[in-house]
Every structure is written in structure tokens, then in C-alpha cells.
Engineer: 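Here it is: the structure, laid out below.
Each chain gets a letter, A, B and so on, in the order the sequences are listed, and its residues count up from 1. Nothing here was measured: the structure is a model prediction, and the numbers come from that model.
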Amino acid sequence: MSFGETGHPGHQKAMSKYHTKIYFAFVEKAYFDYENRLRIDCEDPVNVGFWKGVLVNCVGGGGETSQHPQCFVPIAVSSTGDWDLGPGTQAVLLRRAPQEMPVCIGFINHHKQETVKEREEVAQDEDHPTIPTPNDWCWVQSGGRLMLSGNGSVVMDMREATDPNVRAQLGPNGVFRVSRDGDASERPVLAGPLLEYLGRLEAYAANLEARLLKLEALPPSEISAAAALGAPGVTLGTLSTSATDAALAAQPDASISGLRSVAVHLPSHAED
Amino acid sequence: MLSSARQLRPDPVIEMIADKELREILTELSSLEIAAMTASTADDPRQGLRELSGVVCALAACFSRYLVDQAI
């Protein structure tokens, strides 16, 4: 995940080959650790740091004056005025309370027109390494933010997105995927228990669907109960698909009617 | 045996979910799977799997939306 573009020379090549990746190439991951601290793992020197309560991604390295306007990302609380981060280091922010208001930890772009103008001016500066590309413009126009919630999950807010050709998706296991005109890239953005649980849930759903498709292809005479149960597979926290559970299934209180009742009474979230 | 199995495998992650209804459904998912497997031993062994697959898919979508709603 990245929090803005940069003209770091080491990534000029990446810019030319993987246009969409350059925005997500500088922070390996951001997450709340078990001590309730937001940790930012960096994979590249200098480019990301905390400054006066904001997370910044400076263009070209250096001090405050080199910060790019698009690179400011507000963070709720900053306990450090550290600016530079060396390679392999971590930046740590303390969070005030477990239910802190969601904070923006990144963005797809900054959509203000004046910022575009500033970028044009910057691009004309021969001493400045940043040269906007067509994909840069695409991002500038697309809108969207990455939000870190109070419970440590990261979500994407695309309500202000303006470019329908740019698609961004936050997937299971903290994978952030962006695409434009068939060019896509993926990046791990955050690890958290709820996000991991979502990944397990979706993996379990995929596992069930795959098993079902396999069984549907068989004639009924070849389908046994054991085949339907399947081999031990994906484990989803409190449940497994092992044959052990099949033995448990013989208990009298287990009923498919409960399954049906739940299926038609899902919370409103699932109805959208 | 069934009740002891439920008690032995709690998932602390589910307890982090603020939405009471969603939390309860996910808590019951283990027993829902058991119910589906029971149905799979009936006339059509695939029936329980079909139902469980539909529920889990819906729950995954529900949970994904829940995470978004919680943070925005």
C-alpha cells in the first residue's frame, strides 16, 4: 500500500512497467498490533513517515518542503514527530481508544483540480523526478480513500470516485486490488483478525461451491453420503468440514430447518 | 457430544463483531454445517451441501459489507 505517488528514482522503472503499482509500492503493510498500535512496515527508505500527526509520503526524499500535497494523510493521533524511516523499519502510532473514529490511511488519489495543476507545474521542473503518466491522471480523477476502522479493519471508501474505468477492490486477507483497462495489480494492505476471518469465510464458501459443482456432475447413483461430506478441508474457526462433524451430525437436535430459517433472515447487510 | 463440540471450538474473532444478529448467525454456523451434513444423508446427499453453500456465500457477502459499514 502506498499513500501517494513519489518520484523515488528506484521506482521510475516500476512506474513504466506497472503504472498502477507505483501507488502501492512503498508501505509493505499497515496494521494495528496486539498492543493497539498502528504499525507501518516500510519496504523502501525515507519515502514514508509521520509528521505532525499526518502520514506523509515525500517526493524525492528530504524534508518538509519536499512533501507533495497529495501525500498528506491524516492520522488520528501521532505520538511521534519522526519524519524519516529507514528500510525495514516500522513507524508506530498510538491509538487513543479501541473504538477510535475511522481514520484515512491512504487514498486512491487526490481529486482536487488545483492539485492536478500543481502536478503539472511539478512535472515541468527538470530537477523534480516526478513525471505524471496517463495512469497518474487516471488516479487523480478516480477518487477514493482507504480507511482504517476502529476495530482494525481496513476498508475502501469509493463514494467520491469519479472515474468508472478505475476499479479498486479490497479483498480478503488484506489484498487491495486496483485495475484499469485490464491492467491490475494487487497489494497486501492490512492484516487483522476480522479481515482474516472474512478471508476464511470466503475460502470456505469457495470450497463448498467447488465440492457442490463436482457432485452435481456425477449421476445420482454414484453419489454417496460420504462423497457429499467430502474430504477434510477448509476450517472456519468454529467449524470444519471433516468427517468427524459428520458423526456429530447424527445428533437429534441438528436440523436443516434451522439452516433455511437463517438463510432467509440474514441481516440487512446481505441484501444490498 | 454435539454440545461439547460446540463449546470446545469458540472463535474469539466472532466476539469482535458488533452486529448482534450477524454475530449470532456466525456463531451458529458450525451447527448449521452439521445440519447440512445431516440433510446430506437423506435422499439427495447434495441437498445439504447446496443449502450450506448458499448460506455461507450470503454470510460472506454480509460480513464483507458489515466491515465496510463499520468503518465508514
Engineer: Find out whether B:V56 and A:N207 are in side-chain contact, i.e. whether some heavy atom of one side chain is under 4.5 Å from a heavy atom of the other.
Structural biologist: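 Answer no - side chains too far apart.
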Engineer: Taking the side chain as every heavy atom from C-beta outward, state whether A:Y204 and B:L59 have any atom pair closer than 4.5 Å.
Structural biologist: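 With C-beta onward as the side chain, the pair stays apart.
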Engineer: From A:L215 CG over to B:R50 CZ, what is the distance, rounded to the nearest 0.5 angstrom?
Structural biologist: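 Atom-to-atom, A:L215:CG and B:R50:CZ are 9.0 Å apart.
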Engineer: Under the side-chain contact (heavy atoms from CB on, under 4.5 Å) rule, collect the residues that match up with A:E209, sequence neighbours excluded.
Structural biologist: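 For A:E209 the side-chain contact (heavy atoms from CB on, under 4.5 Å) partners, ignoring immediate neighbours, are A:L213, B:S53.
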Engineer: Quick one: pull up CG in A:L201 and CG in B:L26 and give me the separation to the nearest 0.5 Å.
Structural biologist: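 Taking CG in A:L201 and CG in B:L26, the distance rounds to 6.5 Å.
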